[in-house]
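Every chain is numbered from 1, with letters handed out A, B, ... down the list of sequences. No hydrogens, no waters, no symmetry mates; every other heavy atom, side chains included, goes into these values. Here the structure is a predicted model, which means the values were calculated and not measured.
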Amino acid sequence: MNKQSFYLTTPIYYVNDIPHIGHSYTTIAADVLARYRRLQLCDVFFLTGTDEHGQKIQKAAESCSKTPHDFVDTVVSKYKNVWKSLNISNDDFIRTTDDRHVQRVKKIFKKLFENGDIYLGEYEGRYCVPCESFWTETQLDDGRCPECKRAVEKVKEKNYFFRLSKYQKQLIEHYHKHPEFVQPESRRNEIFQRIISPIEDISISRSAVTWGIQVPMDTTHTIYVWIDALLNYITALGYDDDMTLFQKFWPANVHIIGKEILWFHGAIWPAILMSLNIELPLKIFTHGWWTIEGQKISKSLGNAIDPLSIIHLYGTDAYRYFLLREVPFGLDGNFSYSALISRINSDLGNDLGNLLQRALTMVEKYFDAAIPEYSEDEDELKESSQNTCDQINKELDNLQFSKALEVIWEFIGKANRFIEGKKPWTLAKTSAHRPQLERVISSLAKAIKDISIFIYPFMPNTCVEIQKQLGILEGDEPPCLEYQQSMRNGIIVKKGNPLFPRIEKEPENSGKETTMPSMNKKTF
RNA sequence: GGCGGUGUAGCUCAGUUGGUUAGAGCAGCGGAUUCAUAAGCCGCAUGUCGGGGGUUCGAAUCCCUCCACCGCUACCA
């Protein structure tokens, strides 16, 4: 059996910053996709990691009197901790300080040099240390970095350059041949426009930076962090000294990135791959940014949200659900506590949690907690479930997470309406209606089992909890993820606590717009 | 400055190649119920479709113009 392989990546996160909502968004989206592909029995390789070199980190380490190594270790452990709390199922975690990465990057750099695509040139201009970016005089904003508005340093140094311009034509061709290379389309158009404009070669080494990977032919230079970082996508697969994974998984099916790094992924990265004569990734999906209560996330405002604080209050699955449901993937979105609470109460509590609760109560009341025998032929929700499944697949194939969730919730609504229509409480009053009642309740139980699988990629813990309460799972076994598989006979339900208890907003006495919830700790 | 995008019910947004009374979710209001987390179900409303002008038998949907906001990019300084 040849399983279809599926390789997806997040960017590797720069460890000068602790993880916030934006990092978690990318990683959660990737995790949902990875879990979805595994459901489809793909052979999935899901990579994330950290970007740890560069002057900015060197300076950050100095400022807290640490060695760069100790400094990055500390931050990396924070990332790993958050990913664990968010239930991220990555298959590997690459650090640019990993020896495997360092050795491979050096080798690749040498290869690029030998191909004639790297040359020694001279750069003169302004450099913004925090942004690790060179700017021309004209790009400066009042003498400051146009991106972060901080002071820039005047530098004049010999640098190694990569012949990006050489690949312009090939890039244009690739964009023509593969209109879906960059998603969404609006981003594709943006970057395409830039690719057809004049392109300059880029400086890819730094002589002033010591915290980095040495240029193999010239140890007075280190490799520009972005080049170092981009290569992670192939060094993690062993390129090019241990090619088993590489041969199996490359080209990547999708790189999921934020819109701020599209130029690197949509132009520089493909050009490097072209130079190495490696196939290009199939797709680059660019998602939007989050604002917090309407404001841009910024260090100066100090409004960055620690995902751990949210999941501590509302649970991992609610957080995962919110981020992917609230905003179409690709667009910007706004995070607010009121919106989060609204989603939890209405979608998760009222629609989903309540559905399970009412169904289980009826199984208890009318059938002594034993789900009546299920017959596929008599399942009145089966067709609707299958349609839902098909539509979810269609949406997730295109990374349309919010649409997939909408489709799932339509089915949840259908199940709720099914109950209203059949009125089991009325059927239960007459023994003559027993067969009908059995049919309704068993169909309902099966529908809920299906729902638990539908939501699994998004809310793996909730999937398990539903299946436990349904009685499908005992102890700590993994959830049943086979959509086609119908339920065993004689399952005894184990109704537990409501899945998503209603969150009551605080009385409006604080005058604050963001009502913080009272105590409502959840474990999933 | 150039290119592109957005502006539709209180909020967030859908609205195919122009065509009968402009839609959904949430919030709000009303109703019938009770299996359920005062949940669910049924029903209801309101919108100068950013402003103005034009094409057309007919435009949210095409054209022009103005306003507001956003993105990419350039340049001046």
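Across residues 166-197 of chain A, A:Arg187, A:Glu190, A:Gln193, A:Arg194 each have a non-hydrogen atom less than 4.0 Å from an atom of RNA chain B (numbered order). Against RNA chain B, the stretch residues 427-460 of chain A makes no heavy-atom approach under 4.0 Å.
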Nucleotides 6-16 of chain B: protein proximity per nucleotide (B base, S sugar-phosphate only, - neither; heavy atom, under 4.0 Å): -----------
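Remark: A:Ile172 engages A:Gln168, A:His176, A:Phe192, A:Ile195, A:Ile196 in a side-chain contact (heavy atoms from CB on, under 4.5 Å) (not counting sequence neighbours). Residues forming a side-chain contact (heavy atoms from CB on, under 4.5 Å) with A:Pro270 (at least two apart in sequence, or on another chain): A:Leu171, A:Phe181, A:Leu280. Applying the side-chain contact (heavy atoms from CB on, under 4.5 Å) criterion to A:Val32, with sequence neighbours excluded, gives A:Ile28, A:Arg320, A:Leu324, A:Phe401, A:Pro457, A:Phe458. Qualifying ring pair (Phe, Tyr, Trp, His ring centres under 6.0 Å) partners for A:His20, counting only residues two or more places apart in sequence or in other chains: A:His23. Applying the side-chain contact (heavy atoms from CB on, under 4.5 Å) test to A:Gln485 and every residue at least two apart in sequence or in another chain returns A:Lys449, A:Cys480, A:Glu482.
For the C1' atoms, the distance linking B:rU55 with B:rC63 amounts to 7 Å, nearest Å. Atom name C1', nucleotides B:rU65 and B:rU20: the rounded distance is 32 Å, in whole Å. Separating the C1' atom of B:rC72 from that of B:rC29 is a span of 46 Å, rounded to the nearest Å. Taking atom C1' on both nucleotides, B:rC49 is separated from B:rG31 by 32 Å, rounded to a whole Å. Taking atom C1' on both B:rG51 and B:rG25, the two are 29 Å apart, rounded to the nearest angstrom. Separating the P atom of B:rU6 from that of B:rU46 is a span of 28 Å, rounded to the nearest Å.
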Chi angles and distances behind the side chain to side chain donor-acceptor pair (under 3.5 Å) call for A:Arg35, A:Tyr456: CA-CA 8 Å; A:Arg35 287 174 186 272; A:Tyr456 167 78; 2.9 Å; yes
Steps toward side-chain contact (heavy atoms from CB on, under 4.5 Å) verdict (A:Val407, A:Phe454): CA-CA 10 Å; A:Val407 167; A:Phe454 294 156; over 6 Å; no
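Checking A:Trp289 against A:Leu355, the closest nucleotide of RNA chain B that is more toward the 5' end is the one next to A:Leu355. Residues A:Lys423 and A:Arg325 both approach RNA chain B. Their nearest nucleotides, taken by heavy-atom distance, put A:Arg325 toward the 5′ side.
Nucleotide B:rC26 holds its C1' atom 12 Å from the CD atom of A:Glu406, rounded to whole Å. Rounded to whole angstrom, the span from the CG atom of A:Leu340 across to the P atom of B:rC26 amounts to 17 Å. The CD atom of A:Gln357 sits 9 Å away from the P atom of B:rA36 (whole-angstrom rounding). At whole-Å resolution of the value, CG in A:Leu405 and P in B:rG25 are 17 Å apart. Atom CG in A:Asp347 sits about 10 Å away from atom P in B:rG40, given to the nearest Å. Rounded to an integer number of Å, the gap from CG of A:Asn416 to P of B:rA36 is 14 Å. In this structure, A:Tyr366 places its OH atom 10 Å from C1' of B:rA36, rounding to the nearest Å. Atoms CD (A:Glu410) and P (B:rC26) sit 12 Å apart, rounded to a whole Å.
A salt bridge links A:Glu420 to A:Arg358: one of the charged nitrogens lies within less than 4.0 Å of a carboxylate oxygen. A salt bridge links A:Lys422 with A:Glu380: the distance from a Lys NZ or Arg NE/NH1/NH2 to an Asp or Glu carboxylate oxygen falls below 4.0 Å.
In this structure, the nucleotide among B:rC41, B:rU33, B:rU37 sitting nearest to the side chain of A:Trp425 is B:rU33. Checking B:rA36, B:rC26, B:rU33 against every side-chain atom of A:Ser346, the shortest atom distance belongs to B:rC26.
Of the possible donor and acceptor atoms, none in the side chain of A:Asp51 sits under 3.5 Å from a partner among the backbone N and O of A:Tyr13. No donor-acceptor pair closer than 3.5 Å links the side chain of A:Asn461 to the backbone N or O of A:Asp317. Using modelled atom types, one side-chain atom of A:Thr361 and one backbone atom of A:Gln357 make a donor-acceptor pair closer than 3.5 Å. Between the side chain of A:Ser442 and the backbone N or O of A:Arg439 there is at least one donor-acceptor pair closer than 3.5 Å. A donor-acceptor pair under 3.5 Å is absent between the side-chain atoms of A:Thr48 and the main chain of A:Ile12, judged by distance alone.
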Between the protein and nucleotides 42-46 of chain B, list every N/O to N/O distance that falls short of 3.5 Å.
none

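Classified by interplanar angle (parallel below 30°, tilted 30° to 60°, perpendicular above 60°), the ring pair A:Phe329/A:His287 is tilted.
Between A:Arg502 and B:rA39 there is a side-chain N or O to OP1 or OP2 distance below 4.0 Å.
Annotation: side-chain hydrogen bond (donor to acceptor under 3.5 Å, both in side chains) contacts involving residues 381-390 of chain A, sequence neighbours excluded, comprise A:Glu376-A:Lys382, A:Ser385-A:Asp450, A:Ser385-A:Tyr483, A:Gln386-A:Asp390. Residue pairs meeting the side-chain hydrogen bond (donor to acceptor under 3.5 Å, both in side chains) criterion with at least one member in residues 393-415 of chain A, sequence neighbours excluded, are A:Tyr36-A:Asn393, A:Tyr36-A:Asp397, A:Arg37-A:Asp397.
Exactly one of A:Met459, A:Arg325, A:Glu326 qualifies for a side chain to side chain contact (heavy atoms under 4.5 Å, CB included) with A:Leu405. That residue is A:Arg325.
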5'-to-3' dot-bracket of RNA chain B (Watson-Crick, G-U; under 3.5 angstrom; crossing pairs as [ ]; | other strand): (((((((..((((.....[...)))).((((.........)))).....(((((..]....))))))))))))....
